[in-house]
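A short write-up of the structure that comes next.
Computed from heavy atoms alone, side chains included, the values below leave out hydrogens, waters and symmetry copies. The chains referred to below are lettered A, B, ... by the order of the sequence lines, with proteins before strands, and numbering in each begins at 1.
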There are 2 protein chains.
Amino acid sequence: MYSVAIEDYLKSIWKLGSKDVGTQELASHLDIKPASVTKMILRLTEMGLVDHTPYKGASLTRRGELEALSVVRRHRLLETFLSQTLGLARDELHVEAERLEHALSKELEAAIAEYLGNPTRDPHGHPIPGPNGELYEETDLPLSDSPINMTLTVMQVPDNDSNILSWLENNNIYPGTKLKIISRDDFDGGINVRIGLSKIRISSSIASLVKISFEE
Amino acid sequence: MYSVAIEDYLKSIWKLGSKDVGTQELASHLDIKPASVTKMILRLTEMGLVDHTPYKGASLTRRGELEALSVVRRHRLLETFLSQTLGLARDELHVEAERLEHALSKELEAAIAEYLGNPTRDPHGHPIPGPNGELYEETDLPLSDSPINMTLTVMQVPDNDSNILSWLENNNIYPGTKLKIISRDDFDGGINVRIGLSKIRISSSIASLVKISFEE
DNA sequence: TATAAAGTTTAGCCAAGGCTAAACTCATTG
DNA sequence: CAATGAGTTTAGCCTTGGCTAAACTTTATA
């Protein structure tokens, strides 16, 4: 069993992408100082969870990646479970799962997955890694890059910003929502969309966090 | 928010009774060394959670007691929740709740309590403290001290020993079970009981951990 | 009542995981 | 191509919460 701190580091590196992650980038993501990150990265390298090139950055080894996926799996299963059983709102899920994920045994993880019918998406539409780190190919596209005048299905909303999330919720945007882009504003990339009968404008920064697919 | 370690100390002191708890007793309950306990007790005293008389023992202050009750509440709510939703067996509950209890926010605690209809007993029959530390009077009696030839209702089984617990379960002894003591063996205090159609013998050590009431 | 045993505390060590301040690297860019 | 500034690392410190070994109390017993 790895410590909470180690699990958080691995999860953060995983979220920040497959390429080398910089010390500062990681530090701000974890809300700690760069010097602390360097120290921990050395330990993680020692443990074989991370590859580190000084002054360049760090990336997960296969072992580190599997551990990160395990944390992400627990997180997303918990979000799904809390949503289904307690009916927590989408914008409350993240913060609760964030702490519980570190206290979930393999057995309880399995029981929850079983109870939920082994879901592959959490309530935000994010894919849930399998018990051995299997993660299906992501084909969802950012709404900000999507074509005009096609019917799009929202597949994912962000999970970690409850302000954005409740704004989206209030505008009926969540996984499953159908919408159509009417036009794009040149000056700032904001888009105007139709959802059912209403039209709303979505800023490009938010639109880049919403993922869609073209399927029915 | 107190650390996991502090919550565990307070819970242990609470479980070990209202009188002064000795260093060694606490150490063995927490499975750490006495010297470590002394050090932590000094910190807890400093924090106003514990009263300590050197070479005599420690007891909870009111603040410490309230915090302990909060941990116990979370633990027992979690056991109840995991039992209800996932159908975990009574002997699996304790160990899972033991880690989750430290990661439960006030909000989630409230949501779970609400979902369960504010239960006052957990699946082992132990009373669940209220949100402000309210704990109703315990009137349950150890089975080992109970009178012969009366119909008794099992109210509580232990929560922390899965061996005993699964033995009891296999013999249909759990909260709600009706039974009658047929006789008591003088030589070791073991008792012979009738449960429905079957008769079994219960050792005095186990019988002292099962609590009953005389109600219907 | 002196002393041994049992229990408690103190002193000092260690690892984890933060921090600040200072030193170092590296990619610019004048 | 030297210098500057951004980013990274090192050095050294701190707290938490364990540990062992040694010192100290208290209690029980001879």
Donor-acceptor pair present, Lys33(A) side chain and dG18(C) base, under 3.5 Å: no
More than 12 heavy atoms of other residues, nucleotides or ligands under 6.0 Å from CG of Asn170(A): is that the case? yes
Judged by modelled atom types alone, do Glu92(A) and Ser162(A) share a side-chain donor-acceptor pair under 3.5 Å? no
Length of the [atom1]-[atom2] vector between [X] and [N], whole Å:
X: Gln24(B); N: dA6(C); atom1: CD; atom2: P; value: 10 Å
X: His52(B); N: dT8(C); atom1: NE2; atom2: C1'; value: 8 Å
X: Leu42(A); N: dA16(C); atom1: CG; atom2: P; value: 13 Å

Ranking Ala35(B) and Met47(B) by the position along DNA chain D of their nearest nucleotide, the one closer to 5' is Met47(B)
Name the nucleic acid region contacted by Tyr9(A), choosing base, sugar-phosphate or nothing; use a 4.0 angstrom heavy-atom cut-off, strictly under. sugar-phosphate
Regarding Lys56(B), tell me which of base, sugar-phosphate or nothing describes its non-hydrogen contacts under 4.0 Å with the strands shown. nothing
Side chains of Leu69(A) and Arg73(A): closer than 4.5 Å at any heavy-atom pair? no
I'd like to check Leu16(B) versus His29(B) (side-chain heavy atoms, cut-off strictly below 4.5 Å). Are they in contact? yes
Phe81(B) vs Phe81(A) aromatic rings, parallel, tilted or perpendicular, using cut-offs 30° and 60°? tilted
Could you please spell out the steps behind the ring pair (Phe, Tyr, Trp, His ring centres under 6.0 Å) verdict for His75(B) and His94(B)? CA-CA 8 Å; His75(B) 182 95; His94(B) 182 71; 4.8 Å; yes
Let me know, please, whether Tyr55(A) or Ser3(A) comes out on the 5' side of the other along DNA chain C by nearest nucleotide. Ser3(A)
When you list every nucleotide of DNA chain D with an atom under 4.0 Å from a heavy atom of chain B, which one comes first 5' to 3', and which comes last? dT16(D) to dT26(D)
